[in-house]
Asks: 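Shown below is the structure under consideration.
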Protein chains: 2
Amino acid sequence: MPPPRKFVSAREVAERAGVSRSAVSRAFTPGASVSEDTRRRVLEAATALGYHVNHLARGLSLKESGIVCLVGSELGTPYRASLVKAMTQAAQDAGKVAMVINTDRSDESVSAALRQALHYRADASIILSGMPDKSITRLCLENGQRIVLINRDDDQDGPLRINLRDGEAARCALTAFLRAGCRRLAFANSEAGTPSLMARERGFLAAAAAIGLPVTVERFGPSVYESGRELARRLLTARVRPDAVFCATDLIACGFLDAARHEFGLAVPEDLCVTGFDDIEQASWSSYSLTTFAQPVAEIAREAFAWLRLAPEEAARRPAAVELEARMVWRRTVRGRPPAARAAARAAVEA
Amino acid sequence: MPPPRKFVSAREVAERAGVSRSAVSRAFTPGASVSEDTRRRVLEAATALGYHVNHLARGLSLKESGIVCLVGSELGTPYRASLVKAMTQAAQDAGKVAMVINTDRSDESVSAALRQALHYRADASIILSGMPDKSITRLCLENGQRIVLINRDDDQDGPLRINLRDGEAARCALTAFLRAGCRRLAFANSEAGTPSLMARERGFLAAAAAIGLPVTVERFGPSVYESGRELARRLLTARVRPDAVFCATDLIACGFLDAARHEFGLAVPEDLCVTGFDDIEQASWSSYSLTTFAQPVAEIAREAFAWLRLAPEEAARRPAAVELEARMVWRRTVRGRPPAARAAARAAVEA
DNA sequence: TTGTAAGCGTTATCAG
DNA sequence: CTGATAACGCTTACAA
């Protein structure tokens, strides 16, 4: 059953190069002291034999496996896929390699994934969705495994928490709606109830409440396109039809937009203003031209790996949470202009 | 620099459980002979201590690491992302774990990825894009690493090759166009020149040639949405405007559709019939309702892992290539009805 | 700079 | 069923 495999090992390389095993090891270790001559001889023998350092064995001696675990659900979804791509790329750039583990919505499956990370002695785990059990998190931490939580809004410390300022984005959306003359506000959310989704909802409600405006909130299904359509059906047949809706994600917004236009014959942004969140690629497609808030995916990946690169004590000394801005991307589903464009227009008039 | 990590090892578990190290090992080995009593004692001690079998070490003794490498480029793209998702899931279902490696378009980067797979003693590598160097492929094979090539259309054997019947799909598209009354055919392709893209193009041209119809082919840029828009601009301003275009991928088709409608004011399918390829999720969104051909992603993953599950000699005995059908998905960018619907309609009339 | 030897955590073999 | 012991392939003091 176990397939017969015969990898060439350092010993064979050593023999062929006429040196000792350690010399071979050193030849492949960046800062080691080897004479240029032996290094060359070793490298020659190695390529001739097709030798590749066994990272499994190396991870055994060293205390680093070079593996970073990416765990999350709905990895086929545009936003998640872009995150996976950015993370795997960042891992490679950091000289590591990413192991990706799919989870379903259950927190149990997240714990199972973390257990897998432990099995492979991953140097770190990056969690894109769900919440691991406290106990398994502690176990990882105790074993020297670093943990990064993306948009998880957790309060335990030890892990690095990277979050977006969802509330600020919500306020921003509200301002844009107001300036567009909208007053009948709605928030279209899924029933997933993840921290960031809820933060957006709360932020929007709070901002509206601050100026005494009510918000109709509707929640339905998972965070997918179809839910957006259904949410549109519910919201747009209500007795008082909203004239501005903040969709919790772009996927929802796309579905909402399609239903609003094709099923209700509404013109956006004339009859209705809409914003999304994430800035997935499709948001920029001309059928949508969705005004939305960008997940700073590259920046998230950069922050995560910058922290991972730090020595453990150093990392422990740093604040364990970083907050990033979700920049508003103005396109064409909200009437009016972005502040910058307004400033430019004003300048033009004055000139 | 190397972070101080102290994982609990089998020895500590053994001590606590009052058994030998080998007993611990056996307790975690499915078919091993251990008394129910010791197994329970071991398991208890293990959970109490937070012990997790070290798969790095296990991979060292066994000749299997349990790692499957997924290598490909543009992993954030809808089709690729769905493939990654399906593959990582299939890996987990098969009791393995997926390591994903990003490549750019260069074949050199694919070889580098394969080298990485070698480093980690991956049991198999699944290649989603690009072509590895023959020599590195041979090296992997010699080292007992199985290789699966997805839509790569290669002729070397050793790897399992999973391909779609692109030509058949192309013929299918042509038939649909013809039945819709279209005669001015075009093929919109990217400049990527990947095997499957070219196979679709060749297939379409061949089918058209067989009945004496010319096809305008235009190629531009990478296989992305924007390229589709540009291809539309080129094709739709031509002296004789096509009335049917086969886009090499759905992404291209979406761009093409958007430009055709929003920039040229064309009605689809009335003025123009369009088909895509892949059946990405967006193809089903109502702004597109794209008639297309589905990549049988789940089936591809299933085939890949079914083959990987086979013992090496068994796998060697099997045909090393499997061809899958890209089923046509009828939506609304081609006039007319699918064969099944026509048959049903005929039956209704007769009744 | 180089080689020798010990150790990393498993599993497989072989006695008992 | 159980326990010692020898690999597995690497890194890294330690000594030369």
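Lettering of chains follows the sequences in order, A, B, ..., and the numbering in each one begins at 1.
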Asks: Would you say D/dC10 has OP1 or OP2 under 4.0 Å from some side-chain N or O of A/Tyr51?
Replies: yes
Asks: Would you indicate, yes or no, if C/dT10 has its OP1 or OP2 atom less than 4.0 angstrom from a side-chain nitrogen or oxygen of B/Lys63?
Replies: no
Asks: May I ask you to say what A/Val34 touches in the nucleic acid, namely base, sugar-phosphate or nothing, with a heavy-atom cut-off under 4.0 Å?
Replies: sugar-phosphate
Asks: Go through D/dT12, C/dT2, D/dT5 for me and flag the one nearest to the A/Leu62 side chain.
Replies: D/dT12
Asks: Looking at D/dA4, does its base get a donor-acceptor pair with the side chain of B/Ser22 below 3.5 Å?
Replies: yes
Asks: What do the steps show when you test A/Arg138 against A/Glu142 for salt bridge (Lys or Arg N to Asp or Glu O under 4.0 Å), and what is the final call?
Replies: CA-CA 6 Å; A/Arg138 211 185 44 243; A/Glu142 278 168 5; 3.7 Å; yes
Asks: B/Asn54 has a side chain; which of D/dC8, D/dC10, C/dT10 sits nearest to it?
Replies: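 Within the option list, the nearest is C/dT10.
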Asks: Output the single nucleotide from C/dG9, C/dT11, C/dG3 whose closest atom is nearest the side chain of A/Leu60.
Replies: C/dG9
Asks: Between atom CZ in B/Phe28 and atom C1' in C/dG9, what is the gap in whole Å?
Replies: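 Going from B/Phe28 (CZ) to C/dG9 (C1'), I get 13 Å.
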Asks: Counting only side-chain N and O atoms of B/Ser33, is one of them less than 4.0 Å from OP1 or OP2 of D/dT2?
Replies: no
Asks: Closest heavy-atom contact between A/Ala122 and A/Ser65?
Replies: CA-OG, 3.6 Å
Asks: Look at all strands and tell whether B/Ser35 reaches a base, only sugar-phosphate, or nothing, counting heavy atoms closer than 4.0 Å.
Replies: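 Since only primed, P, OP1 and OP2 atoms lie under 4.0 Å of B/Ser35, the category is sugar-phosphate.
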Asks: Just by distance, no angles: are the side chains of B/Ser129 and B/Glu74 close enough, under 3.5 Å, to form a donor-acceptor pair?
Replies: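 Side chains of B/Ser129 and B/Glu74: no pair found under 3.5 Å.
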Asks: Which pair of heavy atoms, one from A/Thr103 and one from A/Ser109, lies closest together, and at what distance?
Replies: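 Scanning both residues, the minimum pair turns out to be CB-OG, 3.2 Å.
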Asks: Any donor-acceptor pair, under 3.5 Å, between the side chain of B/Ser61 and the base of C/dT10, if you only look at N and O atoms?
Replies: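 For B/Ser61, whose side chain was compared with the base of C/dT10, there is a donor-acceptor pair (under 3.5 Å).
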Asks: Among the candidates D/dG9, C/dT10, D/dC1, find the nucleotide nearest to the side-chain atoms of A/Ser9.
Replies: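 Nearest nucleotide to the side chain: D/dG9.
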Asks: Would you indicate which nucleotide in D/dG3, D/dG9, C/dG3 comes nearest to any side-chain atom of B/Arg26?
Replies: D/dG3
Asks: Given that B/Phe7 and A/Asp37 both sit by DNA chain C, which one's nearest nucleotide is further toward the 5' end?
Replies: A/Asp37
Asks: Using a 4.0 Å heavy-atom cut-off, does B/His119 contact any base of the nucleic acid, only the sugar-phosphate backbone, or nothing at all?
Replies: nothing
Asks: Taking CZ from B/Arg58 and C1' from C/dA12, how many angstroms apart are they, rounded to a whole number?
Replies: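 After rounding, the gap between these two atoms is 13 Å.
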Asks: Does C/dT10 have OP1 or OP2 under 4.0 Å away from a side-chain N or O of B/Ser25?
Replies: no
Asks: For B/Gly18 and B/Arg121, find the nucleotide of DNA chain D closest to each by heavy atoms; which residue's nucleotide sits nearer the 5' end?
Replies: B/Gly18
Asks: Name the closest nucleotide to the B/Ala57 side chain, picking from C/dG9, D/dC10, D/dG3.
Replies: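 Among the listed nucleotides, the one closest to the side chain of B/Ala57 is C/dG9.
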Asks: Out of the candidates A/Lys63, A/Arg146, A/Lys96, only one should pair with A/Asp123 under the salt bridge (Lys or Arg N to Asp or Glu O under 4.0 Å) rule; please name it.
Replies: A/Lys96
Asks: Would you mind telling me which of D/dA4, C/dT10, D/dG9 lies closest to the side-chain atoms of B/Arg21?
Replies: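 Side chain of B/Arg21 sits closest to C/dT10.
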